[in-house]
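A short worksheet on the structure shown next.
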Amino acid sequence: ANPAQHTLKSQWTTPINNRQQQRSATTIGSKPHHTTIGKINNIKMASNGSSTLDETNKIEPSLSAEEVLAAKAEIAEEADDGDDDDAVAATGEEFEVTPEEMSILRAELACEFPDDYTYLSDAYVKSVASKPYSKDPTVRRPIEYTMEKLTHVMEWRESSGATDFESLVKLAAGPHTDPEAVENPERLTKAKALVNSLNNASLYWHGVTKQGKPILWIRCGRKPWYPNVEAEVNALILIADAGIRAMPAGVTDFVVVSDSNSPPPPVPSFMINVLKALVKGYPDRLNVLLSAPVGSIIQFVMNLLLPLMPGRLAGKFLLKDQANARELLNEWLVRGEDDIPTFFGGPVDHDALYPEEGYSKVRGRGTLKFDYFGMIERLQASAKEWEDAQKN
């Protein structure tokens, strides 16, 4: 089964086609109250029927109604732009892109972004260029329009600092006496904060699906209660880019699987910035996100974000209980049941490679504990194994 074929329509209590109605209920003219979010939203029971009192207690003191309204407004501002394209692209129709047109796009990207243009693979560029045009779905996107969309992605990468994050990891992994560390203490501080967000091993790539899509695993229970939001977002961008660079040939998107047991209280600014990054920096990169189990904190997060996502993105989120998640993993993973990790009831111990920080050793001569470079090597090996299997 293709993960992209599963949708939220039967899994969520808020229909996606009611997004515009929900947006109108959060206009500037509405008057917020000082009631906490736990009282505004009807927090439901967990999918397994157990009490979610502990999770509700985490939610209630974390957000005021004013903060919720501000968060929704900021997310909507970023997410509104792509709705027309999403509606057209969702038809699945693709047009031919000639080798000459690809050469033009590649040359322009190389000219405008000489240090980073190889980040976008030919397969991804062709995928973007082949979509129907939102203003006239009977024709393909004009080359100029495609170039504009790709330029927006590359400009976002520059403004977000994405192109520099891996060098920060290397700096933090080195000795504090390194000339760069001594001469630029502010940069070293930023590097240490980034590495500190990696060290809890709450995000890592491991393996690919039967369709060759890299799998990003999220361990919510390892996330900090009081995060450095900037560093956490930077770590997510760094990890996402590492997975994209290691994709098998011809693959342009990835799968996310979230072990959503014991998540920390939601942090609005983190959620806002993650959604911004996904919309602006990674269009058409997410194939599906599976989250299990579904407690009240996860439901709260989705109640906040889902109504404001571009429609095509919203349809890629699956909220399941453990048993249903295991069934999907059995369908998606290359070796089926034999690839399911222990935290979903399977035999594979991810902790042997990505342990909690307290069980990790320092790698290098700095503060890096997370096996970032080993993760990349293993993902590249999985990608090559998948590519070789396609040739047989």
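Side-chain contact check for Asn196 versus Thr367: every heavy-atom pair is 4.5 Å or farther apart. The shortest side-chain heavy-atom distance between Val348 and Thr342 does not fall under the 4.5 Å cut-off. Between Pro264 and Tyr226 the shortest side-chain heavy-atom distance does not fall below 4.5 Å. Side chains of Val255 and Val257 form a contact here, defined as non-hydrogen atoms less than 4.5 Å apart. Counting heavy atoms from C-beta outward, Asn261 and Cys220 have side chains that stay 4.5 Å or more apart. Within the 4.5 Å cutoff, side-chain heavy atoms of Leu313 are placed close to those of Leu286. Put simply, the side chain of Leu379 does not reach to within 4.5 Å of the side chain of Ile376, judged on heavy atoms.
Applying the salt bridge (charged side-chain N to carboxylate O under 4.0 Å, His left out) test to every pair with at least one member in residues 217-230, sequence neighbours left out, gives these pairs: Arg219-Asp259, Arg219-Asp351, Arg222-Asp351, Lys223-Glu232. Residue pairs meeting the salt bridge (charged side-chain N to carboxylate O under 4.0 Å, His left out) criterion with at least one partner in residues 293-308, sequence neighbours excluded, are absent. A salt bridge (charged side-chain N to carboxylate O under 4.0 Å, His left out) check over residues 352-365, counting only residues at least two apart or in different chains, returns the pairs Arg363-Asp371. Here salt bridge (charged side-chain N to carboxylate O under 4.0 Å, His left out) pairs that include residues 338-350, with residues two or more places apart or in two chains, are Arg335-Asp339.
Across every non-hydrogen atom of Ala129 and Thr146, the tightest pair is CA-OG1, 3.4 Å. The minimum heavy-atom distance linking Thr209 with Val334 is given by the pair O-CG2, 3.5 Å. Ala162 approaches Ile237 most closely through the heavy-atom pair CB-CG2, 3.6 Å. Of all the heavy atoms in Pro265 and Trp225, the pair that sits closest is CD-CD2, 3.4 Å. Taking every heavy atom of both residues into account, Tyr117 and Leu109 meet most closely at CB-O, 3.5 Å.
The salt bridge (Lys or Arg N to Asp or Glu O under 4.0 Å) check on Lys384 picks up Asp388, with sequence neighbours excluded. Shown here are the ring pair (Phe, Tyr, Trp, His ring centres under 6.0 Å) partners of Trp156, two or more places apart in sequence or in another chain: Tyr282. Not counting sequence neighbours, the partners of His350 by the ring pair (Phe, Tyr, Trp, His ring centres under 6.0 Å) test are Tyr204, His206, Trp217, Phe343. His152 meets the side chain to side chain contact (heavy atoms under 4.5 Å, CB included) test with Glu148, Glu155; sequence neighbours excluded. Partners of Glu387 according to the salt bridge (Lys or Arg N to Asp or Glu O under 4.0 Å) rule, which considers only residues two or more places apart in sequence or in another chain, do not exist here. Contacts of Asp115 classified as side chain to side chain contact (heavy atoms under 4.5 Å, CB included), with partners at least two apart in sequence or in another chain: none. For Lys170, the side chain to side chain contact (heavy atoms under 4.5 Å, CB included) partners two or more places apart in sequence, or in a different chain, are Glu166, Phe373. For Glu180, the salt bridge (Lys or Arg N to Asp or Glu O under 4.0 Å) partners two or more places apart in sequence, or in a different chain, are Arg187.
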| Leu216 and Ile239: CA distance, side-chain angles, deciding distance, side-chain contact (heavy atoms from CB on, under 4.5 Å) verdict | CA-CA 9 Å; Leu216 178 62; Ile239 293 290; 3.5 Å; yes
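Taking CG from Leu319 and OG from Ser291, the interatomic distance works out to 5.5 Å, rounded to the nearest 0.5 Å.
The pair Glu331-Lys210 does not count as a salt bridge, with every side-chain nitrogen at least 4.0 angstrom from each carboxylate oxygen.
Thr252 and Ser127 are not linked by any side-chain donor-acceptor pair at a separation below 3.5 angstrom, with hydrogens and angles left out of the test. When only modelled atom types and interatomic distance are considered, Asn324 and Asp321 share a side-chain donor-acceptor pair under 3.5 Å.
If you run side chain to side chain donor-acceptor pair (under 3.5 Å) between Arg157 and each of Asp241, Asp164, Thr163, only Asp241 comes through. No option in Arg141, Lys126, Arg140 other than Arg140 meets the salt bridge (charged side-chain N to carboxylate O under 4.0 Å, His left out) test with Glu101.
Proximity of a side-chain donor or acceptor of Gln390 to a complementary backbone N or O of Trp386 within less than 3.5 Å is detected.
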